[in-house]
Amino acid sequence: MRRSYYCGEVTAEQIGETVTLMGWVHRRRDHGGLVFVDLRDREGIVQILFGPEHGSDAYETARRMRSEYVIAVTGQVRRRPPGTENVHLKTGEVEVPAAEALILNEARTPVFPLDEERPVGEELRLTYRYLDLRRPSLQRNFRIRHQTSQVVRAFFDRHGFIEVETPALTRSTPEGARDYLVPSRLYPGHFFALPQSPQLFKQLLMVAGFDRYFQIVKCFRDEDLRADRQPEFTQIDVEMSFVDREDVLAMTEEMISTILREVRGVELDRPFPRLRYDEAVARYGLDKPDIRFEMFLVEVSDLFRGTAFRPFADALASGGQVKGIRVQGKTETFSRKMIDDLTEFVKGFGAKGLTPFRMTAEGLQSPVAKFLGPEALEGLVRRFELVAGDLVLAIGDNPAVVAESLGRLRVKLGVELGLIDKTLIRPVWVTDFPLLEYSEEEKRLVAVHHPFTAPMDEDLPLFESAPETMRAKAYDLVINGHELGGGSIRNHDRETQQKMFDALGFSAEQARERFGFLLEALEFGTPPHGGIAFGFDRLIMLLTGADSIREVIAFPKTQRVQCLMTGAPAAVDPVQLKELGLKPDFG
RNA sequence: GGGGCCGUGGUGUAGCCCGGUUAACACGCCGGCCUGUCAAGCCGGAGAUCGCGGGUUCAAGUCCCGUCGGCCCCGCCA
């Protein structure tokens with residue numbers, strides 16, 4: 001027997017044709033004298049009919065079939081009798097009466113049902129991932145993933161980009177995330193690191209004259225997981241020579257638009273809107289704004305300066321600010337309890353409290369109204385253009401806390417109040433990030449993007465005077481509030497790169513030891529260059545509508561970084577350790 | 001490192017607050033009947049000592065402590 005069609009391909013076109021199909025028993029309906037089997041493969045489901053008059057051996061075989069048995073069937077495709085068509089199936093006009101049937105393999109009763117999209121515990125799904133992956137919804141996700149990578153490769157090929165593979169075994173770099181380390185057998189005590197990204201290699205490919213590079217590449221970061229983070233993940237990595245920021249943004253904007261068009265049939269408005277980092281933080285509170293809905297943060301510091309409401313007055317006196325967001329027409333839905341819950345929520349981001357103001361027909365009401373003069377209350381009404389039923393939630397604190405807590409609150413309310421049109425896909429570039437920020441933990445400046453990011457030309461003199469105020473030629477692509485990609489123009493001259501290392505507090509020796517090869521490369525004719533990297537898994541989440549990254553990774557790890565199917569990570573034979581010169585000390 | 005939710009036949013849940021006989025329901029599974037179903041139907045049956053350990057109690061799925069595991073979040077993720 002040789003398969004002639006996929007199950008899902010059998011339609012009215014094949015009527016009269018004798019076909020051989022192979023696949024899994026999706027469901028069996030045994031009527032005694034007549035047995036229906038829904039036969040499934042990756043392309044879909046087709047109904048097989050087993051009756052003594054079509055094939056008596058086949059009919060007997062069908063009585064032994066069970067869910068997920070692997071079978072082969074031969075029969076002549078025919079139109080279903082009138083009234084028995086199934087409009088829910090692509091193949092629902094036809095059926096295949098089985099003349100011959102073979103059980104290719106039996107199957108244990110599945111540990112969870114595969115024939116419906118009912119919720120199944122994730123622990124089980126991950127333990128039996130090969131069964132989970134058999135289900136239509138995951139099959140669909142990986143089709144989309146495959147299709148997307150094909151679109152990406154075709155796109156870059158069309159635009160003269162060359163895909164170059166970079167090492168998975170490389171050297172550890174001090175900045176950034178925790179590395180996964182691989183011990184070297186030949187050099188005991190020395191380690192490779194799995195790359196957090198191919199950052200330095202792609203820059204060196206520019207030095208090498210490739211001019212336009214891309215790669216769909218695995219990256220590794222040993223940090224704690226989230227719904228959108230796995231320890232190994234895939235990036236679309238891009239680098240270009242002789243370009244400025246506009247070239248990188250235009251090219252990758254076209255890439256994203258092409259993907260959405262070809263994979264989802266969605267046409268994005270172009271050019272993508274842009275926000276500077278400081279605008280994004282001022283209006284949305286976050287550097288990854290979800291611009292599918294408004295509810296902007298509005299500064300009202302001037303209204304509270306010198307008032308008797310101590311929390312705000314104190315915050316302002318110590319250089320802080322007061323901002324609020326307006327929830328339109330929802331006052332009545334906010335109970336005291338809900339305000340309390342929201343207050344707890346913002347406290348998680350450092351806010352000390354959350355102050356509500358309710359606009360009613362009688363005027364603006366608030367638990368703190370008694371501390372405020374009519375100017376402040378009227379000012380709020382005017383500033384927010386309040387009408388009866390509106391609610392304002394305000395926070396006074398230092399600017400970072402105000403931004404973060406109100407920004408997070410804004411997103412939470414957007415989701416919970418249904419203010420977001422989930423069919424929208426709204427990309428936005430966030431540009432002009434700070435170059436450096438002070439790390440309390442390390443007691444020094446660290447790179448906001450990474451240490452190879454070029455500063456804004458006009459900020460170069462600030463290396464000497466106020467490096468923490470410098471802005472970077474860095475940009476992020478944010479879609480629906482998720483950071484999908486980020487990149488920058490790089491330092492291509494050795495002097496600027498050296499200043500950057502100086503600002504980060506690396507000694508000359510440290511810089512040479514860790515990045516000597518890069519500094520040296522910069523002396524051999526490095527073209528101006530820049531690039532970007534996109535989170536491929538997150539992009540697939542967007543395209544599939546998945547709400548967990550595990551739905552778009554074939555064999556993902558649990559939140560505690562284990563593979564429940566293989567049992568990785570696992571202990572190894574002491575002989576292996578000895579060979580690597582490792583002496584375990586699991587204190 | 002911290003906070004939260006969850007863990008009960010093969011699967012998904014109820015029961016837990018308010019401790020008390022044979023732990024309930026649906027699906028699945030096994031057997032029987034059944035020639036037009038597609039969540040097939042009807043009849044019958046098997047199957048869980050309630051994640052694990054300890055404690056309180058005459059008595060624990062239920063209360064308490066610990067622990068393991070899954071998920072979500074904070075920290076972390078240049």
Side-chain angles (χ1 to χ4, degrees), chain A residues 26-39 45-54 59 66-68 80-89 91-92 95 97 108-128 131 173-179 196-197 199-200 219-231 233 341 344-350 404-405 408 412 433-437 439-442 445-453 472 474 476 483 486-488 500 504 533 535 547-548 550 556-560 562 564:
Chain A
H26 191 64
R27 219 180 247 132
R28 190 181 69 124
R29 293 178 294 279
D30 188 342
H31 287 229
L34 190 66
V35 179
F36 295 95
V37 165
D38 290 338
L39 190 61
I45 286 172
V46 67
Q47 175 165 283
I48 314 294
L49 179 65
F50 295 88
E53 66 270 34
H54 305 298
Y59 166 71
R66 295 292 182 271
S67 282
E68 298 306 311
R80 291 195 188 191
T84 65
E85 300 88 353
N86 185 343
V87 292
H88 300 108
L89 287 182
T91 63
E95 62 189 3
R108 280 167 54 185
T109 301
V111 289
F112 52 86
L114 307 188
D115 60 351
E116 51 186 317
E117 297 298 330
R118 240 181 28 175
V120 177
E122 187 137 14
E123 206 171 340
L124 252 196
R125 294 177 54 201
L126 292 174
T127 306
Y128 296 93
L131 295 181
T173 52
E175 297 284 284
R178 210 173 281 118
D179 284 320
Q196 297 175 24
S197 84
Q199 181 58 37
L200 291 173
C219 303
F220 305 86
R221 293 177 191 174
D222 187 3
E223 296 293 347
D224 291 336
L225 306 188
R226 288 289 185 281
D228 61 353
R229 281 182 356 211
Q230 280 275 301
F233 61 99
D341 288 347
E344 283 311 304
F345 176 79
V346 297
K347 281 182 176 172
F349 300 99
E404 165 115 14
S405 47
R408 299 281 196 145
K412 180 183 172 73
F433 279 80
L435 183 69
L436 299 159
E437 67 186 341
S439 163
E440 275 304 330
E441 195 174 331
E442 304 194 38
L445 290 174
V446 297
V448 169
H449 186 53
H450 60 52
F452 318 107
T453 299
D476 276 358
E483 186 198 324
S488 60
M500 185 70 176
L504 294 171
D547 47 20
S548 160
R550 295 180 301 280
K557 309 280 188 291
T558 64
Q559 191 167 52
R560 307 226 9 215
Q562 288 187 313
L564 295 181

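Just so you know, these numbers use all the heavy atoms, side chains as well, and skip hydrogens, waters and symmetry mates. Here is how names work: the chains are called A, B, and so on, in the same order as the sequence lines, proteins then strands, and each is numbered from 1.
The side chain of A/Arg66 places an N or O atom within less than 4.0 Å of a non-bridging phosphate oxygen (OP1 or OP2) of B/C30. Between A/Arg29 and B/U37, a side-chain N or O to OP1/OP2 separation shorter than 4.0 Å is absent. Distances shown here put every side-chain N or O of A/Arg80 at or beyond 4.0 Å from the OP1 or OP2 atom of B/C38. Under 4.0 angstrom from either OP1 or OP2 of B/U37 there lies no side-chain N or O belonging to A/Arg28. Side-chain N/O atoms of A/Arg408 include one lying less than 4.0 angstrom from OP1 or OP2 on B/C74.
For A/Asp224, the listed nucleotide lying nearest its side chain is B/G1; candidates were B/C29, B/G1, B/G36. Of the candidate nucleotides B/C77, B/C73, B/C38, B/C73 has the atom lying nearest to any side-chain atom of A/Ala227. Of the candidates B/C29, B/C38, B/G36, the closest approach to any side-chain atom of A/His31 belongs to B/G36. When distances are taken from the side chain of A/Phe36 to each of B/G36, B/U35, B/C77, the shortest belongs to B/G36.
On a pure distance criterion of 3.5 Å, a polar donor-acceptor pair joins the side chain of A/Arg229 and the base of B/C77.
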I'd like a list of close polar pairs between nucleotides 42-44 of chain B and the protein, N/O only, cut-off under 3.5 Å.
none

Give each protein N/O atom lying under 3.5 Å from an N/O atom of nucleotides 3-7 of chain B, with the pair distance.
none

Could you list the protein-to-nucleotides 68-70 of chain B atom pairs, N/O on both sides, closer than 3.5 Å?
from  : atom 1 : to       : atom 2 : distance (Å)
B/G69 : OP2    : A/Arg560 : NH1    : 2.5
B/G69 : O2'    : A/Glu123 : OE1    : 3.4
B/G69 : O2'    : A/Glu123 : OE2    : 2.4
B/G70 : OP1    : A/Thr558 : OG1    : 3.1
B/G70 : O4'    : A/Glu123 : OE1    : 3.3

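The residue A/Arg226 sits close to a base: some heavy atom pair falls under 4.0 Å. Residue-level contact check: A/Thr173 touches neither bases nor backbone, having no heavy atom under 4.0 Å from any strand. No contact: A/Glu440 has no heavy atom under 4.0 Å from any strand. If you check every strand for non-hydrogen atoms under 4.0 Å, A/Val111 touches sugar and phosphate atoms only. Residue A/Asp30 is in base contact, counting any heavy-atom pair closer than 4.0 Å across all strands shown. If you check every strand for non-hydrogen atoms under 4.0 Å, A/Pro81 touches a base. A/Glu95 comes within 4.0 angstrom of a base, heavy atoms only. Note on A/Pro113: only backbone sugar-phosphate atoms sit closer than 4.0 angstrom, heavy atoms only; bases stay farther off.
Side-chain atoms of A/Leu436 and A/Met500, non-hydrogen and from C-beta on, do get closer than 4.5 Å to each other. Taking the side chain as every heavy atom from C-beta outward, A/Leu445 and A/Glu437 never approach each other to under 4.5 Å.
Spacing between atom CG of A/Leu114 and atom C1' of B/A39 amounts to 15 Å, rounded to whole angstrom units. The separation between A/Arg108 atom CZ and B/G10 atom P is 12 Å, rounded to whole Å. Across the protein-nucleic acid pair, A/Leu34 atom CG and B/C38 atom C1' stand 12 Å apart, rounded to whole Å. Per the geometry, CZ belonging to A/Phe50 stands 14 Å off C1' belonging to B/U37, to the nearest Å. In this structure, A/Ile45 atom CD1 and B/A39 atom P are separated by 11 Å, rounded to whole Å. Atom pair A/Phe112:CZ and B/G28:P shows a separation of 17 Å (rounding to whole Å applied). Across the protein-nucleic acid pair, A/Leu89 atom CG and B/A39 atom P stand 9 Å apart, rounded to whole Å. Note: CG (A/Leu225) to P (B/C72) measures 9 Å, nearest angstrom.
The main-chain N or O of A/Pro113 is never found under 3.5 Å from a side-chain atom of A/Arg118 such that the two would form a donor-acceptor pair. Within the 3.5 Å criterion, the main-chain N or O of A/Gly92 finds a donor-acceptor partner in the side chain of A/Arg80. A/Glu85 places a side-chain N or O within 3.5 Å of a backbone atom of A/Gly83 that can act as its donor or acceptor partner. Between the A/His450 side chain and the A/Phe452 main chain, a donor and an acceptor come within less than 3.5 Å of each other. Using modelled atom types, no side-chain atom of A/Gln230 and backbone atom of A/Pro556 make a donor-acceptor pair closer than 3.5 Å.
Note: A/Phe345 and A/Phe349 have perpendicular aromatic rings, judged against thresholds of 30 and 60 degrees for the angle between ring planes.
One C1' atom belongs to B/G9, the other to B/U49, and the distance between them is 12 Å to the nearest Å. Taking atom C1' on both B/C50 and B/A39, the two are 29 Å apart, rounded to the nearest angstrom. When the P atom is compared between B/G3 and B/G75, the two are found 15 Å apart, to the nearest whole Å. For the C1' atoms, the distance linking B/C64 with B/G19 amounts to 13 Å, nearest Å. Here the separation of B/G15 from B/G20, taken at their C1' atoms, is 14 Å to the nearest Å. Straight-line distance between the P atoms of B/G66 and B/C73: roughly 25 Å, to the nearest whole Å. Here the separation of B/G12 from B/U56, taken at their C1' atoms, is 33 Å to the nearest Å. When the C1' atom is used for both B/A60 and B/G55, the distance is 11 Å, rounded to whole Å.
Remark: A/Thr91 pairs with no residue by the side chain to side chain donor-acceptor pair (under 3.5 Å) rule, at least two apart or across chains. A/His54 is linked by a side chain to side chain donor-acceptor pair (under 3.5 Å) to nothing, counting only residues two or more places apart in sequence or in another chain. Residues that satisfy the side chain to side chain donor-acceptor pair (under 3.5 Å) test with A/Arg229, not counting sequence neighbours, are absent from this structure.
Base pairing of B/C18: no nucleotide in any strand meets the Watson-Crick or G-U wobble criterion (both distances under 3.5 Å). Of the nucleotides present, B/U11 is the one that pairs with B/A26 by Watson-Crick or G-U wobble criteria, both distances under 3.5 Å. The nucleotide B/U35 finds no pairing partner, because no Watson-Crick or G-U wobble arrangement with both distances shorter than 3.5 Å includes it.
Salt-bridge check for A/Arg550 with A/Glu122: passed, with a basic side-chain N closer than 4.0 Å to an acidic carboxylate O. With respect to A/Asp38 and A/Arg29, a salt bridge is recorded, a charged nitrogen being found less than 4.0 Å from a carboxylate O.
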Point to revise | Evaluation steps, side chain to side chain contact (heavy atoms under 4.5 Å, CB included), between A/Gln562 and A/Lys557 | key: CA-CA 5 Å; A/Gln562 288 187 313; A/Lys557 309 280 188 291; 6.0 Å; no
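For the atom pair NZ (A/Lys412) and CG (A/Asp341), the distance works out to 7.5 Å, reported to the nearest 0.5 Å.
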